[in-house]
Amino acid sequence: VYIGAALRKLLAAKGKRASGTDCLLLSVVYVDLDDVGAAEAAIEKTKNIKPSFAVTTGETPHLRRQFWWKLDEKLTDFTRSEALIKAMSDALDGDSSVSDAPRVMRLAGS
């Protein structure tokens, strides 16, 4: 099961891929950690700024996770949010292509 990371506009098309113009804001930033060893290394790298929550997206053949941080202030500048998420992904050896506001992510527990 997947969810949109950004809050969508009320009139955004249902059941269709969203675009940046369909999004209102991001209240979180996230990093997708799919490469071998990236999730484990990110745990150590973020020990002083722990994620608000993590979603395990797979364990076989290796651990894969998404780290999410809840923001104190909402982001509505999606150029800025994409740059921030890409920088975080680069720092944590995550997938920097998973950075756009309309991105869908795995729902925790699914």
Side-chain angles (χ1 to χ4, degrees):
V1 176
Y2 293 88
I3 59 166
L7 179 64
R8 305 297 202 261
K9 293 178 181 175
L10 184 60
L11 298 178
K14 308 262 187 282
K16 305 265 186 204
R17 182 179 209 127
S19 70
T21 59
D22 292 318
C23 298
L24 285 174
L25 60 87
L26 274 168
S27 60
V28 295
V29 289
Y30 45 84
V31 173
D32 191 43
L33 303 158
D34 284 340
D35 289 345
V36 175
E40 294 88 348
I43 292 168
E44 179 63 25
K45 290 178 183 179
T46 60
K47 66 183 176 187
N48 294 322
I49 185 166
K50 293 182 181 179
S52 302
F53 64 96
V55 177
T56 300
T57 58
E59 295 179 334
T60 305
H62 61 273
L63 182 64
R64 296 177 308 285
R65 285 197 174 147
Q66 298 166 350
F67 282 12
W68 295 71
W69 288 265
K70 186 174 185 248
L71 300 171
D72 292 332
E73 295 181 23
K74 312 306 185 243
L75 289 172
T76 56
D77 179 343
F78 300 126
T79 301
R80 183 176 164 215
S81 66
E82 188 168 343
L84 172 61
I85 293 167
K86 281 183 178 188
M88 292 171 65
S89 295
D90 288 345
L92 296 175
D93 297 320
D95 183 350
S96 62
S97 71
V98 180
S99 58
D100 54 314
R103 176 66 53 174
V104 292
M105 305 290 279
R106 190 172 310 254
L107 178 64
S110 69

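These figures come from a predicted structure and were not determined experimentally.
- Pairs passing the ring-ring contact (aromatic ring centres under 6.0 Å, His included) check and including a residue from residues 9-43, sequence neighbours excluded, read Tyr30-Trp68.
- Residues Leu84 and Val29 share a closest heavy-atom pair of CD2-CG1, 3.8 Å.
- Pairs of residues two or more places apart, or lying in two chains, never qualify as ring-ring contact (aromatic ring centres under 6.0 Å, His included) while including a residue from residues 80-110.
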Practice prompt. Start with the C-alpha gap between Met105 and Thr57, add the side-chain angles, then the distance that decides, and say whether side-chain contact (heavy atoms from CB on, under 4.5 Å) holds.
Written response: CA-CA 10 Å; Met105 305 290 279; Thr57 58; over 6 Å; no
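- Residue pairs that meet the salt bridge (Lys or Arg N to Asp or Glu O under 4.0 Å) test with at least one member in residues 56-72, sequence neighbours left out, do not exist here.
- Side-chain heavy atoms closer than 4.5 Å link hydrophobic residues (I, L, V, M, F, W, Y) into clusters, and following such links, even through other members, never connects Phe53 to Leu63.
- Rounding to the nearest 0.5 Å gives a distance of 8.5 Å between OG of Ser97 and NZ of Lys86.
- Between Pro102 and Ala18, the shortest heavy-atom contact is CB-O, 3.5 Å.
- Residues passing the side-chain contact (heavy atoms from CB on, under 4.5 Å) test with Ala12 are Arg8, Asp22, sequence neighbours excluded.
- With sequence neighbours excluded, no residue satisfies side-chain contact (heavy atoms from CB on, under 4.5 Å) with Glu73.
- Pairing each heavy atom of Leu33 with each of Ala42, the nearest pair is CD1-CB, 3.7 Å.
- No more than 12 heavy-atom neighbours from other residues, nucleotides or ligands sit within 6.0 angstrom of NZ on Lys50.
- Distance check, rounded to the nearest 0.5 Å: CG of Leu75 to CD of Glu82 gives 12.0 Å.
- Residue Val104 belongs to a hydrophobic cluster whose other members are Tyr2, with links defined by side-chain heavy atoms closer than 4.5 Å.
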Practice prompt. Please lay out, stage by stage, how Ser27 and Leu71 fare under the test side-chain contact (heavy atoms from CB on, under 4.5 Å).
Written response: CA-CA 5 Å; Ser27 60; Leu71 300 171; 5.6 Å; no
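- A search for side-chain contact (heavy atoms from CB on, under 4.5 Å) contacts involving Asp77 returns Thr79, Arg80, not counting sequence neighbours.
- A side-chain hydrogen bond (donor to acceptor under 3.5 Å, both in side chains) check over residues 35-46, counting only residues at least two apart or in different chains, returns the pairs Glu44-Lys47, Lys45-Asp93.
- Enclosure of atom CG in Leu107 by more than 12 non-hydrogen atoms of other residues, nucleotides or ligands within 6.0 angstrom is indicated.
- Among residue pairs with one or both ends in residues 69-110, none qualify as ring-ring contact (aromatic ring centres under 6.0 Å, His included); sequence neighbours excluded.
- Residues Val28 and Ala5 share a closest heavy-atom pair of CG2-O, 4.1 Å.
- By the side-chain contact (heavy atoms from CB on, under 4.5 Å) test, Leu7 is found to be paired with Leu24, Leu25, residues two or more places apart in sequence or in another chain being considered.
- Residues in residues 94-110 take part in these salt bridge (Lys or Arg N to Asp or Glu O under 4.0 Å) pairs, two or more places apart or across chains: Asp100-Arg103.
- Members clustered with Val36: none, using a 4.5 Å side-chain heavy-atom cutoff among hydrophobic residues.
- For the residue pair Ala6 and Ala101, the shortest heavy atom distance occurs at CB-O, 3.2 Å.
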